[in-house]
Amino acid sequence: MADGTLFKGSAIGATGHTVGEVVFNTAMTGYQEILTDPSYTKQIVTLTYPHIGNVGANSEDTESRAVFASGLIIRDLPLLHSNFRAEDSLSDYLAKNNVVAIADIDTRRLTRILREKGAQAGCIMAGADLDEARALELARGFGSMAGQDLAKVVSCTASYQWKLGEWKLGSGYSEQAQTPFHVVAYDFGVKHNILRMLAERGCKLTVVPAQTPAKDVLALQPDGVFLSNGPGDPEPCDYAITAIREILETRLPVFGICLGHQLLGLATGAKTSKMKFGHHGANHPVQDLDSGRVMITSQNHGFQVDESTLPANVRVTHRSLFDQTVQGIALTDRPAFSFQGHPEASPGPEDVAYLFDRFITAMSQAK
Ligand SMILES: NC(=O)CC[C@H](N)C(=O)O
């Protein structure tokens with residue numbers, strides 16, 4: 001760790017070394033979805049749940065084209081995995097995907113360090129050439145996530161159509177049937193379950209690269225525009241902020257998730273900032289301020305929209321009950337809204353899925 005703390009464990013993935021910002025995630029399930037979430041680019045994930053790998057790995061529980069997390073730190077890897085869908089052990093999956101990972105770590109102690117001192121970088125070394133001094137040097141050389149524009153790095157390079165709906169036991173992923181709405185989805189590092197949930201609700205989806213100008217999006221004549229989650233700091237993504245401003249002018253329905261939420265905030269003139277250690281888990285209580293309902297949500301972010309900087313035409317719709325930070329915003333003069341956590345879950349509870357329906361309603365009304 002950059003603060004000089006040294007942990008020793010057992011290598012369970014690829015050999016070599018990896019460096020990144022270390023974040024703790026409190027989800028009890030969904031390690032594969034977490035590893036393949038592009039928002040974890042340049043981050044090493046430690047899972048606070050102690051038994052990881054029990055159900056192995058399969059080719060369906062993925063949230064993108066590859067593993068994006070820079071590394072994995074766990075307490076206990078089971079000797080055997082068991083699940084009717086398993087195709088690999090977690091260890092083999094990590095090795096095949098070239099992920100450096102470590103088990104037998106006191107993840108409770110590690111999490112306490114991150115919680116008390118805040119986010120910091122770390123380095124994992126696995127294999128023959130272990131060098132503690134070099135590992136410390138690499139961890140200290142990583143710097144901070146602040147200022148890093150990673151959305152354009154992980155985004156798709158060309159636009160594409162998405163047609164798969166949600167996964168169902170027995171039939172797997174289905175091709176969508178009807179598509180009354182055309183949605184252009186900005187890919188800042190999009191999780192596939194967002195696309196599946198939109199497809200399931202009748203959206204014909206055109207996914208476009210992060211740097212697509214607004215005029216190219218508008219030329220596709222969409223019924224609504226979606227702003228995806230993604231890695232890194234939202235503030236340097238000036239290309240996206242400019243495009244969102246232009247799209248808002250047209251009064252098209254806009255829905256943003258996580259990085260997309262932060263970018264919508266920036267486009268309205270609000271500011272974002274780095275949090276002490278962020279929110280990463282599948283058990284975070286968030287309140288919908290309109291209904292008063294409290295939902296258990298999936299979270300993965302290290303930045304936030306600063307409430308005190310919100311302009312007069314933006315209201316706070318959701319709030320974290322852990323630290324009172326902004327979890328949702330809506331414009332009062334445009335059909336545009338966003339959520340900081342993950343309504344698509346994957347992994348996590350589906351309490352916030354109603355926001356996808358709200359986007360569909362906004363598009364129906366605009367039509
Ligand atoms: N999941 C996300 O979209 C994360 C957004 C941003 N990279 C953050 O860390 O806050």
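In each ligand, atom 1 is the first atom listed, and ligand 1 is the first ligand listed.
Of all the listed residues (Ser228, Ser39, Gly232, Gly341), Gly232 holds the heavy atom that lies closest to atom 6 (C) of ligand 1.
Looking at Gln262 next to ligand 1, an N or O pair under 3.5 Å apart turns up. Considering backbone and side-chain N/O atoms, Asn300 comes within less than 3.5 Å of an N/O atom of ligand 1. Below 3.5 Å of separation, one finds no N or O of Cys258 facing any N or O of ligand 1.
Using a cutoff of 4.0 Å between basic side-chain nitrogens and carboxylate oxygens, Glu137 and Arg140 are not scored as salt-bridged. By the 4.0 Å N-to-carboxylate-O rule, Glu132 lies close enough to Lys8 to be salt-bridged with it.
For the residue pair Thr297/Gln299, the side-chain donor-acceptor check at 3.5 Å is satisfied. Side chain to side chain, His280 and Asn300 meet the donor-acceptor criterion of an N or O pair below 3.5 Å.
Nearest protein heavy-atom contact of atom 8 (C) of ligand 1 is Gly302 N, 3.3 Å. Protein heavy atom nearest atom 5 (C) of ligand 1, with residue, atom name and distance: Gly230 O, 3.1 Å.
Contacts of His342 with ligand 1, taken as heavy-atom pairs under 4.0 Å, involve the side chain alone.
Annotation: cation-pi geometry satisfied between Arg109 and Phe7 (NZ/CZ under 6.0 angstrom from ring centroid, within 45° of ring axis).
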